[in-house]
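Here's the structure we're looking at; comments come further down.
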Protein chains: 2
Amino acid sequence: MTTLKELAKLLNISVSTVSKALNDSHEISENTKKRVRELANNLNYKPNRIAQQLKSNKTRTIGVILPTVTNPFFAEVLHGIESVAANSDYDIIVCLSNETLYKEERSLELLANGSVDGFILAVARESQIQNHTAHLQKVIDSNIPILLFDRVMENVDCNKIIVDDYQSVFDATLHLIQKEKRSQILLLSNIEELSVGKLRINGYTKAMQSQNLEPKVLRLSHNDKVEQSILNYLEENPNIDAIISIDHVTGIVAINMAKKLGKNIPKDLSVIGFGYENTPLLSDPKISLVHQMAFKIGKMSMDLLIESITTTDTELKTIVIPSELEFNQTTLFK
Amino acid sequence: MTTLKELAKLLNISVSTVSKALNDSHEISENTKKRVRELANNLNYKPNRIAQQLKSNKTRTIGVILPTVTNPFFAEVLHGIESVAANSDYDIIVCLSNETLYKEERSLELLANGSVDGFILAVARESQIQNHTAHLQKVIDSNIPILLFDRVMENVDCNKIIVDDYQSVFDATLHLIQKEKRSQILLLSNIEELSVGKLRINGYTKAMQSQNLEPKVLRLSHNDKVEQSILNYLEENPNIDAIISIDHVTGIVAINMAKKLGKNIPKDLSVIGFGYENTPLLSDPKISLVHQMAFKIGKMSMDLLIESITTTDTELKTIVIPSELEFNQTTLFK
DNA sequence: TTGTATGCGTTATCAA
DNA sequence: TTGATAACGCATACAA
């Protein structure tokens with residue numbers, strides 16, 4: 001790697017002159033600038049980023065800590081984050097907590113040593129269950145900003161980007177009741193331990209109660225045979241006329257199981273799932289869904305974090321991103 | 001952020017003594033070490049990573065450049081890379097080329113300034129189509145190692161981790177012919193422009209020819225209505241008795257379309273797709289597939305890159321990861 | 001217009 | 001056993 005010092009030596013001028021020339025300082029003559037630039041070009045000189053970071057005490061790097069990246073929601077959020085980063089000349093260091101508190105703590109710890117200017121984080125399942133916030137607070141106290149998205153913790157003071165989990169499911173439920181005249185609506189849940197899961201179930205429950213209907217929730221623990229559980233439930237409760245799934249898998253499984261039982265979708269049974277991008281391609285008929293604006297969440301998270309880093313203004317915000325109900329082929333209403 | 005200088009001042013000793021004490025140097029007395037450690041602990045001192053990087057001229061950071069992360073294959077590879085990184089005390093900076101040559105070049109350019117010790121990269125669709133390698137060669141020439149995985153370029157001298165794309169599809173095809181007595185086997189392709197796509201199609205074609213059968217390839221361009229194209233083909237060619245899909249979506253679509261036409265799977269029609277993890281959950285019956293060991297590919301890529309960085313031995317390797325044929329419910333043979 | 005000196009935080013060499 | 005000094009590569013205040 002070529003350095004300023006080497007350029008200076010070859011040109012018989014001082015390091016600072018070279019530095020200024022390359023930064024197009026008005027102090028330097030055009031002639032010198034030209035000579036310097038030419039040599040720098042020939043030798044493929046690039047300022048050493050690490051040295052710049054040490055000097056400026058800024059890394060232009062953000063730590064992104066995700067519970068997993070194989071969940072398409074988080075993958076798409078990451079996509080959004082990266083797109084802003086690339087346009088704003090930031091790098092992102094990605095860590096995966098694998099849903100564990102331990103790894104989340106460790107990742108924060110390892111990067112909170114000057115490696116990054118801030119964090120974007122969705123808390124791990126385990127951290128959320130234990131309601132553990134000390135590790136987050138510690139980082140914030142050391143003056144490194146954190147932005148929480150999607151899965152947030154109430155009692156952490158930082159910027160947050162969240163989805164209207166409650167409202168979106170409330171609306172979807174009301175839609176099924178009022179527009180599609182459904183009353184035996186089943187909710188499928190395998191994430192009731194997460195803040196977002198609770199909110200979604202809550203939105204469903206409240207909507208049902210508001211119409212004097214009885215909520216029915218089928219909780220699928222993670223080791224369950226998801227398919228068999230759903231199949232059994234539908235067999236034992238043939239009157240079910242609508243299903244809401246609050247994750248991106250069980251809705252499609254439900255479609256397959258209902259078809260197996262000879263049900264016509266959406267005539268006999270409406271289905272609304274959660275999903276993203278090409279989720280609908282994977283089911284027949286194409287699943288209608290609550291489209292969480294994952295890409296947008298990523299973009300806005302990065303935008304807000306950068307803003308909080310670069311401006312001195314410190315008022316904390318919580319921004320709610322509305323999701324969109326996307327009607328495909330598993331609902332009566334288009 | 002606490003620094004060595006601050007600790008030294010508070011303890012009335014020199015910076016170098018503090019540094020040595022914290023690094024447990026034998027030169028320092030136990031007593032001093034203890035005092036230093038205590039204060040460091042109290043003030044939550046952590047050595048500034050950037051300064052260490054500048055001093056050592058090593059970043060312990062790897063640049064990972066992926067075409068996309070919403071494709072579950074790349075997401076899982078990233079997972080594998082991250083797991084090794086975390087265990088080896090490396091950070092990863094992630095960039096997404098979004099399948100464009102421009103972004104791929106830019107990402108390499110921006111990180112090849114001392115920000116990373118090496119790169120892991122799967123080339124963008126566009127780079128592959130144009131067979132553009134200059135940007136890769138330039139980085140390698142500047143002594144920053146690159147590891148290519150999955151989508152590789154023939155004429156770039158570097159370590160490579162690849163999948164046995166040819167062999168896996170060859171084997172799958174032969175299985176359908178010999179074990180399941182199929183002869184009218186259709187291959188679905190939407191990635192024929194990629195090196196891996198070509199290899200997979202080739203594996204299929206050669207296997208068919210070896211048994212004196214005529215290859216049939218349905219190429220689905222990216223704007224096509226995938227569902228309609230497949231449905232039409234199956235209607236016009238009712239004698240098709242097996243389908244091989246070389247991506248992770250069209251196989252499931254094919255299952256849904258075949259069911260729509262009243263075909264019994266696997267009795268009338270065998271289906272083998274490509275996929276990962278919980279792909280099978282999304283179809284009914286559960287799709288049989290070529291399981292690309294994505295996590296393993298990520299792990300081995302990172303392992304090999306780290307090895308090439310830390311050892312002086314420079315012989316370049318190409319490692320082939322065998323994929324596994326996973327029989328689920330869309331094949332006769334279990 | 002150019003050059004000298006200093007510092008970012010750390011580590012290593014050498015002197016005390 | 002401890003400390004002074006230099007160096008990593010860059011940027012800038014200040015001197016010439």
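The shown structure was predicted, so the numbers you read here are calculated from the model rather than taken from an experiment. Order of the sequence lines fixes the chain letters, A, B, ..., with proteins taken first and strands second; residue numbering starts at 1 for each chain. Side-chain atoms are counted along with the backbone in the values below, which use heavy atoms only and exclude waters and symmetry mates.
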Got a list of side-chain donor-acceptor pairs under 3.5 Å for residues 106-115 of chain B, not counting sequence neighbours?
unit_1 : atom_1 : unit_2 : atom_2 : d
B/R106 : NH2    : A/A86  : O      : 3.0
B/S107 : OG     : B/K103 : O      : 2.7
B/N113 : OD1    : B/S115 : N      : 3.2
B/N113 : OD1    : B/S115 : OG     : 2.8
B/N113 : ND2    : B/L110 : O      : 3.2

Problem set entry | Start and end of the DNA chain D segment that chain B contacts, any atom under 4.0 Å from a heavy atom |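 From 5' to 3', the first and last contacting nucleotides are D/dT1 to D/dG9.
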
For this session: Name all residues meeting the ring pair (Phe, Tyr, Trp, His ring centres under 6.0 Å) criterion together with B/F73; count only those two or more places apart in sequence or in a different chain, and write none if there are none.
Result: B/Y276

Exercise. Does the B/E76 side chain pair with the main chain of B/A294, one donor and one acceptor, at a distance under 3.5 Å?
Worked result: no

For this session: Using a strict 4.0 Å threshold on nitrogen-to-oxygen distance, state whether A/D303 and A/K296 make a salt bridge.
Result: no

Seminar exercise, completed: For residues 2-13 of chain A, the side-chain hydrogen bond (donor to acceptor under 3.5 Å, both in side chains) pairs (sequence neighbours left out) are none

For this session: Please test B/V94 against B/V69 for side chain to side chain contact (heavy atoms under 4.5 Å, CB included), starting from the C-alpha separation and ending with a verdict.
Result: CA-CA 10 Å; B/V94 174; B/V69 75; over 6 Å; no

For this session: Using the test salt bridge (Lys or Arg N to Asp or Glu O under 4.0 Å), find all partners of B/D141 that sit at least two apart in sequence or belong to another chain.
Result: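 With sequence neighbours excluded, B/D141 shows a salt bridge (Lys or Arg N to Asp or Glu O under 4.0 Å) to no residue whatsoever.
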
For this session: Go through the structure and list residues passing salt bridge (Lys or Arg N to Asp or Glu O under 4.0 Å) with B/E99, not counting sequence neighbours.
Result: B/R151

Exercise. Where do A/D117 and A/K58 land on the salt bridge (Lys or Arg N to Asp or Glu O under 4.0 Å) test, with the steps shown first?
Worked result: CA-CA 7 Å; A/D117 293 344; A/K58 295 200 175 72; over 6 Å; no

Which residues pass the side chain to side chain contact (heavy atoms under 4.5 Å, CB included) test with [X], not counting sequence neighbours?
X: B/L39; result: B/L7, B/L10, B/L11, B/L43
X: A/D157; result: A/L316
X: A/T32; result: A/I13, A/T17, A/I28, A/S29, A/V36

Exercise. Which parts of residues 24-32 of chain B get close to DNA chain C, meaning a heavy atom less than 4.0 angstrom away?
Worked result: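 Close to the strand, none.
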
For this session: Report the distance from atom CG of A/L11 to atom P of C/dT2, rounded to the nearest whole Å.
Result: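 Atom CG in A/L11 sits about 12 Å away from atom P in C/dT2.
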
Exercise. Base, sugar-phosphate, or nothing for A/I13, non-hydrogen atoms under 4.0 angstrom?
Worked result: sugar-phosphate

For this session: Taking all heavy atoms of A/I146 and all of A/C158, pick out the closest pair and write down the distance.
Result: O-CB, 3.2 Å

Exercise. For A/T17 and C/dT2, is the shortest distance between a side-chain N/O and OP1 or OP2 below 4.0 Å?
Worked result: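 False: A/T17 side-chain N/O out of range (4.0 Å or more) of C/dT2 OP1/OP2.
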
For this session: Measure the angle between the two terminal helix axes of the helix from C/dT1-D/dA16 to C/dA16-D/dT1, five base pairs each, and quote it to 10°.
Result: 60°

Exercise. For nucleotides 7-12 of chain C, read 5' to 3', which letter fits each nucleotide if B means a protein heavy atom sits under 4.0 Å from the base, S means only the sugar-phosphate is that close, and - means neither?
Worked result: BBBBBB

